[in-house]
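Working notes, beginning with the structure itself.
All of these numbers come straight from a predicted model, not from anything done at the bench.
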Amino acid sequence: MLAEIGQNIEKCKSILQSDGLVAIPTETVYGLAANGLNQTAVAKIFEAKNRPFFDPLILHIGKISQLDQITSYVPENANQLMQEFWPGPLTFIFKKSHLVPDLVTAGHQTVAVRLPNHPVALALLQQLDFPLAAPSANPFGYVSPTCSQHVFDQLGQTIPYILDGGKCAVGIESTIISFEIETAPKILRLGMITKNDIEAVIGEVQCEISENSNPKAPGQLDQHYSPFCKLRSIDELNLQNSNLPHILFYSPVSASSFWLSHEKIDHHPIYLTQKNDLFEAASNLFSILRDFDRHQIHEAFVQMAPFDGIGMAINDRLKRAMAKRP
Ligand code: TXA
Ligand code: MG
């Protein structure tokens with residue numbers, strides 16, 4: 001049976017209430033959702049994604065008051081950040097309550113929580129009396145989906161329903177900040193909400209973005225978000241050399257066009273943004289990585305974004321996408 005793509009929130013509710021899986025839109029990427037308080041439902045997520053059990057999930061809620069159910073302690077500075085950035089692409093890690101199953105947290109005493117800023121997701125979440133556990137709706141290690149078709153392409157045979165909410169506006173996963181230790185909040189994953197944005201509200205925070213396997217945020221494994229297309233850095237090329245590889249994505253110009261392709265002698269620019277807009281670049285990134293695979297492009301060259309603001313998060317994803325598959 002193939003997944004249905006639609007906007008039927010009642011249908012999603014009934015699937016989720018009987019411990020099934022539904023893909024949901026969010027402003028960052030599409031999530032693969034199940035009842036986050038039910039171990040049997042959550043287990044289906046790991047199976048569908050082929051995700052290792054050591055990698056914990058984010059619980060999505062529809063209103064801030066739901067935090068009481070799933071956390072045991074929320075520090076004051078975290079509250080300030082929530083007021084500023086929720087609903088939005090910021091995930092918090094707090095001490096968990098006894099109601100959160102071990103499978104969600106991979107046995108940790110902490111739980112990741114997010115109130116997403118997407119009208120369709122919120123409409124669904126606000127009608128449920130449980131939070132939704134939802135990792136990105138892609139097979140483990142692959143690029144996250146930013147539209148319903150991306151989900152269908154990979155999980156269409158595995159899940160019954162994909163709730164369509166259009167193209168994801170942000171396009172890269174949420175920033176993650178841990179409040180495990182009250183006094184020292186720590187950013188574990190970069191996203192649209194930057195360290196500067198956070199520090200403007202609560203003062204100095206640490207950043208611990210791991211390049212390799214990290215037991216704290218295992219989704220931060222090196223070589224994540226990887227397309228099959230081999231991505232290499234533009235720095236490896238001498239651009240004056242006429243002996244160009246078959247296909248090249250590269251921008252010699254500026255942030256406005258990171259990538260452009262040389263196919264034989266023709267140049268086919270592929271722009272993440274033509275307006276020098278890094279937010280637009282982020283929202284197009286995963287879709288373009290998927291296009292490479294769809295068109296069976298074997299190799300592409302990449303120019304990094306400027307190391308500033310959301311450019312840091314874009315570069316983080318590019319770096320992981322460039323890491324070798326095992
Ligand atoms: O934007 C997003 O965050 C998307 C949408 C669907 O909300 N979700 C997402 O989920 O990116 P996922 O599972 O692909 O990434 C969640 C990350 C993983 O790196 C995981 O290791 C980390 O959150 N994480 C979850 N719970 C954690 C915890 N208790 N401690 C540390 N890291 C945790
Ligand atoms: Mg993911």
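- Looking at residues two or more places apart in sequence or on another chain, you find a ring-ring contact (aromatic ring centres under 6.0 Å, His included) between F53 and F46.
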Please tabulate, for the side chains in residues 16-23, all donor-acceptor contacts under 3.5 angstrom to protein atoms that are two or more places apart in sequence or on a different chain.
residue	atom	partner	partner atom	Å
S18	OG	S14	O	2.8
S18	OG	I15	O	3.3
D19	OD1	N38	ND2	3.4

Show me the side-chain donor-acceptor pairs of residues 116-125 shorter than 3.5 Å, one per line, residues at least two apart or across chains.
residue	atom	partner	partner atom	Å
H118	ND1	V120	N	3.1
H118	NE2	G165	O	3.0

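- For N8, the side chain to side chain donor-acceptor pair (under 3.5 Å) criterion is met by no residue, not counting sequence neighbours.
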With side-chain hydrogen bond (donor to acceptor under 3.5 Å, both in side chains) as the test, would you mind laying out the steps for N50 and Y142 before giving the verdict? CA-CA 11 Å; N50 200 12; Y142 196 67; over 6 Å; no
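- Every pair passing side chain to side chain donor-acceptor pair (under 3.5 Å) that includes a residue from residues 149-159 is listed here, sequence neighbours excluded: T146-H150, Q149-D153, Q154-R290.
- Residue pairs meeting the salt bridge (charged side-chain N to carboxylate O under 4.0 Å, His left out) criterion with at least one member in residues 80-109: none, sequence neighbours excluded.
- Checked against ring-ring contact (aromatic ring centres under 6.0 Å, His included), F92 has the following partners two or more places apart in sequence or in another chain: W86, F94, F179.
- Judged as a salt bridge (charged side-chain N to carboxylate O under 4.0 Å, His left out), the pairs with a partner in residues 114-143 (not counting sequence neighbours) are, in order, E27-R114.
- Listed by chain and number, the residues in a side chain to side chain contact (heavy atoms under 4.5 Å, CB included) with A169 amount to none (sequence neighbours excluded).
- Among pairs with a residue in residues 190-199, those fulfilling side chain to side chain donor-acceptor pair (under 3.5 Å) read T194-D197, K195-E199, at least two apart in sequence or across chains.
- Applying the side chain to side chain donor-acceptor pair (under 3.5 Å) criterion to E4, with sequence neighbours excluded, gives K11.
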Report, one line per pair, each donor and acceptor closer than 3.5 Å where one atom sits in a side chain of residues 58-65; sequence neighbours left out.
residue	atom	partner	partner atom	Å
H60	ND1	I58	O	3.3
H60	ND1	L132	O	3.2

